[in-house]
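To find a chain, count down the sequence lines: A is the first, B the second, and so on, and within it residues start at 1. Please read all numbers here as calculations on a predicted model, not as lab measurements.
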4 protein chains.
Amino acid sequence: MSLGIVFLSEVFGTAMLTLLGCGVVANVALKGTKGNSGGFLMVTWGWGIAVFAGVYVAAMSGAHLNPAVTLGLLVNGKGEYAPGVPVDAASTLTYFGAELLGAFLGAVVAWLAHKQHFDAEPEPASKLAVFSTGPAIRSTPWNLVTEIIGTFVLVFVILTFGGTPSGLGPLAVALLVVGIGVSLGGPTGYAINPARDLGPRIAHALLPIKGKGSSDWSYSWIPVVGPLVGGTLAGIVAAVVPIMATAAAK
Amino acid sequence: MSLGIVFLSEVFGTAMLTLLGCGVVANVALKGTKGNSGGFLMVTWGWGIAVFAGVYVAAMSGAHLNPAVTLGLLVNGKGEYAPGVPVDAASTLTYFGAELLGAFLGAVVAWLAHKQHFDAEPEPASKLAVFSTGPAIRSTPWNLVTEIIGTFVLVFVILTFGGTPSGLGPLAVALLVVGIGVSLGGPTGYAINPARDLGPRIAHALLPIKGKGSSDWSYSWIPVVGPLVGGTLAGIVAAVVPIMATAAAK
Amino acid sequence: MSLGIVFLSEVFGTAMLTLLGCGVVANVALKGTKGNSGGFLMVTWGWGIAVFAGVYVAAMSGAHLNPAVTLGLLVNGKGEYAPGVPVDAASTLTYFGAELLGAFLGAVVAWLAHKQHFDAEPEPASKLAVFSTGPAIRSTPWNLVTEIIGTFVLVFVILTFGGTPSGLGPLAVALLVVGIGVSLGGPTGYAINPARDLGPRIAHALLPIKGKGSSDWSYSWIPVVGPLVGGTLAGIVAAVVPIMATAAAK
Amino acid sequence: MSLGIVFLSEVFGTAMLTLLGCGVVANVALKGTKGNSGGFLMVTWGWGIAVFAGVYVAAMSGAHLNPAVTLGLLVNGKGEYAPGVPVDAASTLTYFGAELLGAFLGAVVAWLAHKQHFDAEPEPASKLAVFSTGPAIRSTPWNLVTEIIGTFVLVFVILTFGGTPSGLGPLAVALLVVGIGVSLGGPTGYAINPARDLGPRIAHALLPIKGKGSSDWSYSWIPVVGPLVGGTLAGIVAAVVPIMATAAAK
């Protein structure tokens, strides 16, 4: 498969992800929507199904949708990102670029879909929350720890999917993302994906959003670095455990 | 397959869709029901499972249940609406007519199932809400934009289902509809289906509902035109992307 | 398969159904539980998964768990209740008896599991609600209508499952029951199963429940007759529609 | 398969279980999280998906994750705990030890992920609730009864999964655990797993949690003994019923 197809596929898939993901936060957080104050469980289902839809859209390229997944696959040493897509510098950068661009574009469309409610909402923090995550209690080390753990779970469990037969397809990832949300999303809002956070944050900075405040760039590196570390650790552990197991078997 | 079978299948399936879909709004919105004030998440699960049940019932005819889906398939150029049902003027009008009639009939039955609670409910707007959608903030252009985006997601992702192997069957569409509801249903109540909105609105106008108010005909064209535009765009994009991809592959 | 196996299978399956189904109402309705006031959506998931678990347990006998399903299959004219179980008077009575006995036993165990919260709960109506359904607004004709419609949906959609390939198995029925609950459960609490209502009501009458009130026998025939009518109609319509379709095809 | 692999597999899987399971309670119970007061339904989805993820991780060893499941399989007399793992004293102790260790480790990581919110939470009982279950109304006999019933349902229905074809894989167990939570989790918080309760309780006792109170050791044996009894009963009943059925068939 050419990298052009990979690029197109991941742009569309990641745009679907942030369109529906940022959308559910808009529905819960912005003034006057029908889902206003719909609760955290609704937010987690929204993001779970956002991943579900994105996986269908980007199925052709393996549906990474997330640089932490791409990086996890790289360090895991599988050799291919998707059938016919070898792991190398060019393909890695193609995934990263497409994921970031797609995440940006999806957030723009989510803003258009909720334009009137962005205008009606008085609170700048609620507007930023539609685009990007922020910590409940700000702390560089602990916020990083939470994002590393959440992304580790995401990438590690995804890497185990292949070994378990089931007909769930994209539903398995969707449920996993719902689970990470309800269980590990409380302290930082579970970015667990650098593109999902950075792409929409750039959109927030560039879009002419009425009454918007800061894009909180001082926090912005945590939901990038934390997930990259978590995904890398997951890829390594998932590669090492079978080796340990084989050794234990002798 | 004869168009008579298609007609019957889509009437039954779309009636099941609006019976359960209008039903969940009645349960949440009307006075004295056991699910009163049950929340937006419950409404979205209700509509999701309404589609789920309708897809089983209308499986024989491809379970469009929605003129925007029919139109999306038409412009996508697949050539068949369902196995043995060629795309032509007669079949297209059969789907459209059956979807509208079924949506009307299902809403009538949903009204019967909640007859006492319609009588007990004092607010005319809550009664109309059971049948048809209305905007949270009224604005012709932005309400159209939201319906176009929501329906684009519905039809575009459905068109990708074929390319992704999974045993989910009707569950995939159901979850997608839940996701569109929680993520893009906040501004307009996500008609994303001209028949689902217009059929029940006609029922609202014709039925002897105690203390009913206006059927809000001034808004009624938006949840018809918006979804038809969104479905058409999805059919075109889903047809064009593979061509771009093939070109990119050269 | 012998009728003894059918009996045992349906007793266990229907007991599992009312154990989990009555259980979730106890958790929401009785004083001091951890799920107190957990909401209608939680109740519907509880009953949905109760059916899910019951279907696994009674898979051998076709998992009717419900006289309305048994009756729907009878009038539908399939000839077999389960592989190797012919439709006749003896097998029909075996299913009916096992379903009623199982529903009774499951309710007894649900009571034991929540014994302390029955003792703590001051309101007799909340205690009865754990066992059996009651109408939000009492009206013989309209309560019957609602139960007939709900059960029609249940049995009609179940009868369409065979014609749609999917790997969902018991999940399809579970989701359908969640959907009927949220969409059609508001006026009467969706018995949609004579055994599920009558068996636990007998348990309520017989058990030494502290501070219990009336078992509301004057209402008790509605959640028996309504579902039997609804299931019969579904079985007939599901048999007639294909005949109409075949005629339409000529 | 060597017992070293079994050990490693169950440690990882059970750690995943308590990481996500204790995590959702932290999100709901601790001060300042984004999911604070998210409700009992969210807690049950969290534990359900915790099992879901744990089953993928420990698929190689049969994913017991729970001494009550191990014991149920032992008394059921299947002869194997997983493909290539015979039932004997060494394998049984390997499962038990790995489950307890994994449950301990997962709780430690859940604590790290919510470190700041443990520090912010003033109520010691809320901190313990993240780790271990406690009764809504304290009563040795009735708390035991509830845990026995809940675990019986878990192990009995799991033992029926094999006999019902479906492509649900780990989703079936996940939904079952959600169902047991909403339906039988009200009185005791549904440990239904000795390791899930005891491992995290040991973590609570050992970890330097700011402002923690008692680890409530006086209650701690109930969520160990109750589930072991319930699992044993389920294994026996699931073995005896087919024998009764065969006898009935003669």
Handout entry: Side chain D:N27, main chain A:S183, donor-acceptor under 3.5 Å
Key = no
Handout entry: Side chain / backbone / both / neither for A:L175 at chain D, heavy atoms under 4.5 Å
Key = both
Practice task
Sort D:A174 into side chain, backbone, both or neither according to what part of it lies under 4.5 angstrom from a heavy atom of chain A.
Solution key: neither
Problem - Within-4.5 Å side-chain heavy-atom neighbours: D:L112 and A:W142 - result: yes
Exercise for the section: With a 4.5 Å cut-off on heavy-atom pairs, point out which of D:L19, D:L20, D:L41 contacts chain A the most. Expected result: D:L20
Practice task
Please indicate whether D:K212 has more than 12 foreign heavy atoms, meaning atoms of other residues, nucleotides or ligands, lying under 6.0 Å from its NZ.
Solution key: yes
Exercise for the section: Would you mind checking which part of A:V237 comes under 4.5 Å of any heavy atom in chain D, side chain (CB onward), backbone (N, CA, C, O), both or neither? Expected result: side chain
Exercise for the section: Using a 4.5 Å cut-off on heavy atoms from C-beta on, say whether the side chain of D:M16 contacts that of A:F156. Expected result: yes
Problem - Region of A:T44 that comes under 4.5 Å of a non-hydrogen atom in chain D - result: neither
Practice task
Using non-hydrogen atoms and a 4.5 Å limit, figure out which bit of D:F12 sits close to chain A: side chain, backbone, both or neither.
Solution key: side chain
Handout entry: Among the listed options A:V43, A:T146, A:I149, the residue most often paired with chain D at heavy-atom distances under 4.5 Å
Key = A:I149
Exercise for the section: Can you measure from NZ (D:K115) to CG (A:N143) and round to the nearest 0.5 angstrom? Expected result: 13.0 Å
Exercise for the section: Name the member of D:G21, D:G46, D:G23 that forms the most heavy-atom pairs with chain A at distances under 4.5 Å. Expected result: D:G23
Practice task
For residues D:K34 and A:A136, report the shortest heavy-atom separation together with the two atoms involved.
Solution key: CE-N, 4.0 Å
Exercise for the section: Taking the side chain as every heavy atom from C-beta outward, state whether D:F52 and A:L168 have any atom pair closer than 4.5 Å. Expected result: yes
Problem - For the student: nearest non-hydrogen atoms of D:G35 and A:F40, plus distance - result: CA-CG, 3.7 Å
Problem - Residue pair D:H114 / A:P187, side-chain heavy-atom distance below 4.5 Å - result: yes
